[in-house]
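In the text below, chain A, chain B and the rest are named by the order of the sequence lines, each starting its count at 1. In this text, all values refer to a predicted model and were calculated from it rather than measured experimentally.
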Amino acid sequence: MDVRAVAAGSDAGPSSMDAMAAFAALFDESFEAMRRLAYLLGADDPENIAQEAFVRLHGRWQTLYDDSKALPYLRAMVVNLSRSRLRHLRVVRRTPPDVMLDELSAESHAMARQEHRRIREALGKLSRRQREVLVLRYWLDLDQAAIAETLGVAVGTVKATTSHAMTNLRKHLEEW
Amino acid sequence: MDELEHRLRSALTELAEEVPPSHGAWEEQQRRLALKSRRDRRRPAVMAAVAAAVVALIAVPVVIINQQVSSPVDPAGSLPLVTNPPESSRAQVSKSRVQYVPLKGESLVTEPAIVGSQYFTNDRTMLLTYAYTVRMPDGDWQLCRAQNMEGQPINGPQQTTFGTPSCQPLHQPKDGKFFWGRREMSSPGAPGTWVYVMSHPADNLMLARADDSLLMAQSKAVGKDFVLFVAYVGSPKPPIRWTVRDASNQTLQDG
């Protein structure tokens with residue numbers, strides 16, 4: 001068992017150590033996915049967002065880790081933190097998604113296929129919520145109920161947003 | 001699923017794969033948790049100090065007024081006393097595979113484990129600090145520390161740039177004992193890093209800092225003879241006590 005220290009100076013009885021191990025295991029399993037989720041949602045600092053999401057999860061770990069709510073909480077936290085980051089960047093008049101994607105494509109993916117570049121740009125033109133719904137649906141493979149839980153909206157809203165997002169995506173791709 | 005959905009799924013998958021794997025994510029998480037823990041511990045003391053100040057601001061005029069009303073004057077009272085909260089702690093973990101070029105006659109016992117990293121934003125490179133153990137031709141064990149750039153093999157062509165690895169002997173414990181040795185392996189990115197080596201079936205290692213706060217070390221690498229633990233004490237003072245336990249949390253040895 002790779003028991004990892006989680007809370008500095010925390011007591012370390014058996015149950016506490018189980019909790020520590022469970023948190024460490026979830027971090028191992030999900031950190032990269034959460035980082036990528038933040039990136040796909042357009043955040044310019046996905047690493048920071050994923051880290052912060054886990055810090056917040058840790059604060060509620062005793063109540064969340066036993067009942068499988070940790071991962072939904074984590075996803076919702078990544079979405080919320082990504083939104084906050086994008087809002088902040090809009091205030092300081094930066095456009096992180098394009099900057100980051102362009103930078104990456106220039107440096108690491110010069111040979112990226114035209115098709116994916118088109119879809120990427122089209123995604124960037126969608127509204128924040130439309131992009132979130134598509135990323136959660138087609139990258140994380142969440143069902144509508146899970147998407148609704150993550151975004152804090154009704155299932156009907158998810159259905160409608162997905163439909164509008166796909167329509168807009170198709171339109172943007174045709175314009176390209 | 002229609003054609004656009006296929007294209008979208010494929011594009012998102014490729015986009016996600018553009019994100020390079022992070023290094024030292026767990027270390028960073030532990031650093032943040034330690035900071036948060038420190039803030040959380042300070043908060044009650046700060047609140048107590050604020051409350052005491054508010055009480056003093058209200059009480060002092062009341063006392064003065066009362067004293068003026070009832071004539072005999074006593075000496076002033078003492079200030080509220082606020083004790084400092086204990087400093088908190090930190091602990092981290094990370095795993096990585098790096099190529100290792102054995103020096104003459106030595107053999108690797110535990111794989112090099114990253115115990116510290118320093119990121120250089122200018123050229124986007126990472127200097128890593130590794131801990132590993134080797135067995136020498138004479139049968140002795142040694143605990144070694146090496147630094148090299150990410151992706152560069154230990155004892156490889158670039159090793160001289162960062163100095164040759166430094167090793168110190170480990171001492172096989174007597175029967176019933178589990179402690180082989182320990183060593184500080186701090187680096188700029190990971191101050192207060194201590195590496196402990198414990199015999200099997202060591203599974204977890206609890207340490208007490210100089211201020212008596214506790215932290216759990218990480219099992220970083222497992223070899224045939226022992227387990228290598230790393231603790232990020234976050235203080236220049238070494239740990240003062242430790243307890244090593246097995247997987248069922250039975251104490252194996254205290255030190």
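Under the 4.5 Å side-chain criterion, counting only non-hydrogen atoms from C-beta, A:Leu123 is in contact with A:Leu134. Side-chain contact between B:Met198 and B:Phe179 is present, with at least one heavy-atom pair separated by less than 4.5 Å.
Between B:Arg241 and B:Asp254 there is no salt bridge, since no side-chain N of the basic residue sits under 4.0 Å from a carboxylate O of the acidic one.
Only the side chain of A:Arg35 comes within less than 4.5 Å of a heavy atom in chain B; its backbone stays farther off. If you measure heavy-atom distances from A:Phe54 to chain B, the contacts under 4.5 Å come from both the backbone and the side chain. For A:Glu47, the part lying under 4.5 angstrom from a heavy atom of chain B is the side chain only.
A:Ser84 places a side-chain N or O within 3.5 Å of a backbone atom of A:Asn80 that can act as its donor or acceptor partner.
Put simply, of B:Ser248, B:Pro21, B:Ala208, the one with the most heavy-atom pairs under 4.5 Å next to chain A is B:Pro21. Taking A:Asn48, A:Asp141, A:Leu169, A:Val135 one by one and counting their heavy-atom pairs under 4.5 Å with chain B, the maximum is reached by A:Asn48.
Relative ring orientation between B:Trp26 and A:Phe23 is described as tilted, the plane-to-plane angle lying within the 30° to 60° band.
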